[in-house]
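Some notes on the structure that comes next.
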Amino acid sequence: MVALDVGSSKVAVIVAEPGSDGVVKICGLGSAPSAGIRNGVVIDINAAVGSIRAAFDEAERTSGLHISEVYTACEDPRLRFFNNTGATPVRGTEIGQEELDAATEHAGAVALQGDAKVLKMQVLGYSVDGEAGILNPVGMSGKRLEATAHLACGLPTTATNLFRCVRRSGVEVKHWQIPVWAAADAVLTESEKELGVCLIDIGAGTVDVTVYSGNKPWYTDIIPVGGLAVTHDIAALFQLNEEEAERIKLKYGSADPTKFTGADVVDLSDIRRNTRPGDAIEVIAQEKLAEVVQARLEEILSFVKERLQSSKFDQMIPAGIVLTGGVTQTEGFLKLAEDVFEHNCRIGAPDIVASLGGAGNSPAWSVVAGLLKEAAHIEQKGRHSEEKGQKRLRKGFFSTIKHWFIGNY
């Protein structure tokens, strides 16, 4: 099983094998700086293919396995998410699979503008004769069945372009998922998803938000801003190029200016690779750097809070807020998030134990870890279906032999 996450700052790959005890065994990891991707969208196919292939190459080296197909996530800030309800009459005395399928199909049948399509759908629940909160109505009595679904709608071109990049890397896409839904599988507990929780995944190019309740996603939002905005601020203020600003952010970035004094400085000589002997050593105040980081992150979190409050789904999160993604590793980030949201918050990291340096436990790997868990579930479901099919085949074979013997002897 191979999971691939193509982000705006890095491409991440995990190779794993399902164990007989249900535990996933990590075989290899691969990552590469992302090129040709902006806010999760492919803007240069050749550059994106190079990054994806580089991550595959490293994953193949560390695992000793050849990669032929992947489970991946597709980001698109233009996607729109909303809930819709579809209904169907119950013809017989009880609800059957036919009515269930019809109600679900009607929930996903919405009028969209232009070439937009329903790209993903998750059924939230069913209602029988107005009685809501039913998980499986098959076998129940009623006259009218309703299904409510959470829909991801948009143009399929973004996914198509990503899949084309993967195929040009010599690998086929087996399955794809919305990134924040994949991250939810990796970092949220079952009790949190059941009770009601908000997951905020802050990546380099986007902030993805989803609210789970009753173990289903009721609200999803993609905001086209992320950690790269912090990098841009650092570059502009301190007159650095993007690469230098990114290195400073990762090595010295902090969202807590109060921990520094005027004497705390960053020596730019170990950041600027083109520093020549004899050049004056340039320094910047760490307190000033932290102020820049804090200001931008506070602005991003405040904007997320406003969007969440306007949706009214902020009233469905008694389990609090879970934050994940590479930006959450910034020093002082959790305290800043708690101050902004005025809610109990925690940093969510995947529980996959990677034997290769533990990199898979970083919040930056949440999406790819969630994809791996989904892959394991799908593979296990497929094996069970195959085993059932083989049992039916054997049963049919022995039944045929039995009838043959009876007919001939």
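Remember, it's a predicted structure, so these values are computed and weren't measured experimentally. These values consider heavy atoms only, across backbone and side chains, with no hydrogens, waters or symmetry-generated copies.
Heavy atoms only, all atoms of each residue included: Leu155 and Ala116 are closest at CD2-N, 3.6 Å. Residues Ala32 and Ala54 approach most closely at CB-CB, 3.8 Å, considering heavy atoms. Between Val2 and Glu69, the shortest heavy-atom contact is CB-O, 3.7 Å. The shortest heavy-atom contact between Asn39 and Gly205 is OD1-O, 3.0 Å. The heavy-atom pair separating Cys165 from Ile52 by the smallest distance is CB-CD1, 3.8 Å.
Formation of a donor-acceptor pair under 3.5 Å by the Asp264 side chain with backbone atoms of Thr261 is found in this model. Put simply, the side chain of Ser51 gets close to the backbone of Pro33: a donor and an acceptor are under 3.5 Å apart. Under the 3.5 Å distance criterion, the side-chain polar atoms of Asp5 are left unmatched by any main-chain donor or acceptor of Ala12. Between the side chain of Ser34 and the backbone N or O of Gly7, at least one donor-acceptor pair lies under 3.5 Å. The closest donor-acceptor contact from the side chain of Asn84 to the backbone of Ala107 lies under 3.5 Å. When atom types are taken as modelled, the side chain of Arg80 and the backbone of Arg78 share a donor-acceptor pair closer than 3.5 angstrom.
The side-chain heavy atoms of Leu112 and Val110, taken from C-beta on, include a pair separated by under 4.5 Å. Put simply, the side chain of Ile14 does not reach to within 4.5 Å of the side chain of Leu371, judged on heavy atoms. Using a 4.5 Å heavy-atom cutoff, the side chains of Leu301 and Ile202 are in contact. Residues Trp218 and Leu124 meet the side-chain proximity criterion, which asks for heavy atoms closer than 4.5 Å. The shortest side-chain heavy-atom distance between Met316 and Tyr219 does not fall under the 4.5 Å cut-off. Using a 4.5 Å cut-off on side-chain heavy atoms (C-beta onward), Asp314 and Phe341 make no contact. A heavy-atom distance below 4.5 Å is not found between the side chains of Thr158 and Leu162. Glu146 places none of its side-chain heavy atoms less than 4.5 Å from the side chain of Ile134.
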_Criterion side chain to side chain contact (heavy atoms under 4.5 Å, CB included) on Arg38 and Val41, from CA distance to verdict_ = CA-CA 5 Å; Arg38 180 184 298 157; Val41 178; 5.8 Å; no

*Is there a side-chain hydrogen bond (donor to acceptor under 3.5 Å, both in side chains) between Lys249 and Thr231 once you walk through the steps?*
CA-CA 7 Å; Lys249 182 185 74 174; Thr231 303; 2.9 Å; yes

*asked:* One pair to check against side chain to side chain contact (heavy atoms under 4.5 Å, CB included): Val173 and Leu4. What are the steps and the verdict?
replied: CA-CA 9 Å; Val173 175; Leu4 165 71; over 6 Å; no

*Just do the side-chain hydrogen bond (donor to acceptor under 3.5 Å, both in side chains) check on Thr85 and Thr148 with the steps written out, would you?*
CA-CA 4 Å; Thr85 298; Thr148 301; 3.1 Å; yes

*I would like to know whether Val49 and Arg164 meet side chain to side chain contact (heavy atoms under 4.5 Å, CB included); could you show each step before the answer?*
CA-CA 9 Å; Val49 169; Arg164 184 169 292 143; over 6 Å; no

*Test log, rule side chain to side chain contact (heavy atoms under 4.5 Å, CB included), inputs Phe81 and His150*: CA-CA 7 Å; Phe81 299 84; His150 187 52; 3.9 Å; yes

*Apply side-chain hydrogen bond (donor to acceptor under 3.5 Å, both in side chains) to Gln329 and Ser362, showing your working.*
CA-CA 8 Å; Gln329 298 174 93; Ser362 163; 3.3 Å; yes

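Surrounding CD of Glu242 are more than 12 heavy atoms belonging to other residues, nucleotides or ligands, all under 6.0 Å away. Remark: Ile43 CD1 is packed, more than 12 non-hydrogen atoms of other residues, nucleotides or ligands lying under 6.0 Å away. Around CG of Asp115, the count of heavy atoms belonging to other residues, nucleotides or ligands within 6.0 Å does not exceed 12. Counted within 6.0 Å of CZ on Arg307, heavy atoms from surrounding residues, nucleotides or ligands total more than 12; the atom is thus considered enclosed. Counting heavy atoms of neighbouring residues, nucleotides and ligands inside a 6.0 Å radius, atom NZ of Lys305 exceeds 12 of them. By the neighbour-count criterion of 12 heavy atoms within 6.0 Å, atom CD of Glu131 is sparsely surrounded, having that number or fewer from other residues, nucleotides or ligands.
Salt bridge annotation for Arg61-Glu58: absent, with no cationic side-chain nitrogen under 4.0 angstrom from a carboxylate oxygen. Ionic pairing of Glu338 and Lys335 is not present here: no N-O contact between side-chain nitrogen and carboxylate oxygen is shorter than 4.0 angstrom.
A side chain to side chain donor-acceptor pair (under 3.5 Å) with Tyr71 holds for exactly one of Glu379, Glu374, His175; it is Glu379.
Between the side chains of Trp365 and Ser31, not a single donor N or O lies within less than 3.5 Å of an accepting N or O. For Ser254 and Asp256, the side-chain atoms include no donor-acceptor pair closer than 3.5 Å.
Judged as a side-chain contact (heavy atoms from CB on, under 4.5 Å), and not counting sequence neighbours, the contacts of Val265 are Val283.
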